[in-house]
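One structure is given here, and the rest of the page talks about it.
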2 protein chains.
Amino acid sequence: MTTIIKAAVDIADALGLEAVTLATLAKKLNIRPPSLYNHFDGLPGLRIELAIHGLEELRGSLMNAAIGRSEDDAIYSIADAYIAFVRKHPGLYEATLPAPGNEDDRLQQLGSDIVHIFTRVLQSYGIEGDAAIHTTRGLRSLLHGFASLEAKGGFGIPLDLDVSIKQMLHIFLVGIRSVKE
Amino acid sequence: MTTIIKAAVDIADALGLEAVTLATLAKKLNIRPPSLYNHFDGLPGLRIELAIHGLEELRGSLMNAAIGRSEDDAIYSIADAYIAFVRKHPGLYEATLPAPGNEDDRLQQLGSDIVHIFTRVLQSYGIEGDAAIHTTRGLRSLLHGFASLEAKGGFGIPLDLDVSIKQMLHIFLVGIRSVKE
DNA sequence: CCTATAAACTAATATCGTTAGTTTTATATT
DNA sequence: AATATAAAACTAACGATATTAGTTTATAGG
């Protein structure tokens, strides 16, 4: 990871993605803002680089979590990795979310890779084809929804969030078995 | 709804929340930007007003969808209303998401109202107390996750999204019955 | 040592949010 | 109706931002 991306990630995770500006980034690097144009194509270009880096990290975490596991074991492990990633890198995760106009091929590929991890695990349940796609969408919705609501402080009530994750995954996994046949 | 908020909602839904600036809003209203300060407290104030208006609308839709329904019927109806709202008002929905620093009392109350709609419906399953809170978090995660991924174009594969909603809700509702006892 | 490439710089411009102070418009009170 | 008050518009100006253009410095490779 380049020094510049690392600095941008630090700002994003500490202060939020919107705090990553050419001004703040340049200040952190002891550089003048225009110098950054030698490394990426302006603020939109930086956002794309951040998204790519974030998706690569996320993909790595999820793949690692899925190795040697199947069915519920794999799902719990992947879910853990997903939520841990967002907790550790809230700003970087924000950068990975599809933004209008981001049609970079590398982003498409990374997104597809991540979806593939889910569908592979669902195969271990015997879920394939369209059902696997629908179920993957459900799982991604659940994980992204929880992680992003948590990151924004959307769960006001002071009740253990890890228990909520466990319970909602349990619900989903019980339900998933009704899709198999 | 005031003329100003309506104009801001139009911009947000058409071009995204980040396109709602004092400059674009003033232009749409044939006004100079400083005049807007007579109506709200700068851009942060406008954001809060948008969030309040959006949450009021969302709460109304969800309440209306839940009237006279119970169990799965109520959940499907609420989910429909939730996703329909985000599809109709993607920018306004974005404005409703908790933002750092937004500790306005009205926002807290509206958020609490919306959570209450879910927990009331879960009562019709016999789910109460902490279980109701955990399950509500799961449902909100599922709906918010799906709606926001859909809004951002996060589902690349061209496979019917409404079927995905039905299937993931079915999965969750089958699983929910394992929480009851 | 010279040259070519990368990466920094300064200077300048347009846009945005914001503040201050002023003027116009609308409302309400006598 | 005339006037006082409040609401809402305006102009002018400032600081911060992204961006472009043109220039200078550093760094490698031959």
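Chain A is the first sequence line, chain B the second, and so forth, proteins listed ahead of strands; every chain is numbered from 1. Because only heavy atoms are used, hydrogens play no part in the values below, and waters and symmetry mates are left out as well, while side chains stay in. In this text the structure is predicted, and so the values were computed from the model without any measurement.
- When rounded to the nearest whole Å, the span between CD1 of B:I31 and P of C:dT23 equals 19 Å.
- Taking OG1 of A:T96 as the start and CZ of A:R59 as the end, the distance is 13.0 Å to the nearest 0.5 Å.
- Note: B:H144 and B:Y93 have tilted aromatic rings, judged against thresholds of 30 and 60 degrees for the angle between ring planes.
- Protein atom CG of A:N30 is 18 Å distant from nucleotide atom P of C:dA7, rounded to whole Å.
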Practice task
Do nucleotides 12-18 of chain C as a string where each nucleotide becomes B, S or -: B if the base has a protein heavy atom under 4.0 Å, S if just the sugar-phosphate does, - if no protein is that close.
Solution key: ----SSB

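- A cation-pi contact, defined as under 6.0 Å to the ring centre and within 45° of the axis, is absent between B:R140 and B:F118.
- Looking at residues two or more places apart in sequence or on another chain, you find a side-chain contact (heavy atoms from CB on, under 4.5 Å) between B:H89 and B:V9, B:D13, B:F85, B:L92.
- Protein chain B contacts DNA chain D over a range whose 5' and 3' limits, counting nucleotides with an atom under 4.0 angstrom from a non-hydrogen atom, are D:dA8 to D:dA12.
- At least one side-chain heavy atom of A:H134 sits under 4.5 Å from a side-chain heavy atom of B:V163.
- Between A:H39 and C:dA6, a side-chain N or O to OP1/OP2 separation shorter than 4.0 Å is absent.
- Remark: B:D73 pairs with B:R69 by the side-chain contact (heavy atoms from CB on, under 4.5 Å) rule, at least two apart or across chains.
- Annotation: side-chain hydrogen bond (donor to acceptor under 3.5 Å, both in side chains) contacts of B:T136 (sequence neighbours excluded): none.
- C:dT24 atom P lies 16 Å from atom CG of B:N38, rounded to whole Å.
- Residues passing the side-chain contact (heavy atoms from CB on, under 4.5 Å) test with A:I31, sequence neighbours excluded: A:L29, A:S35.
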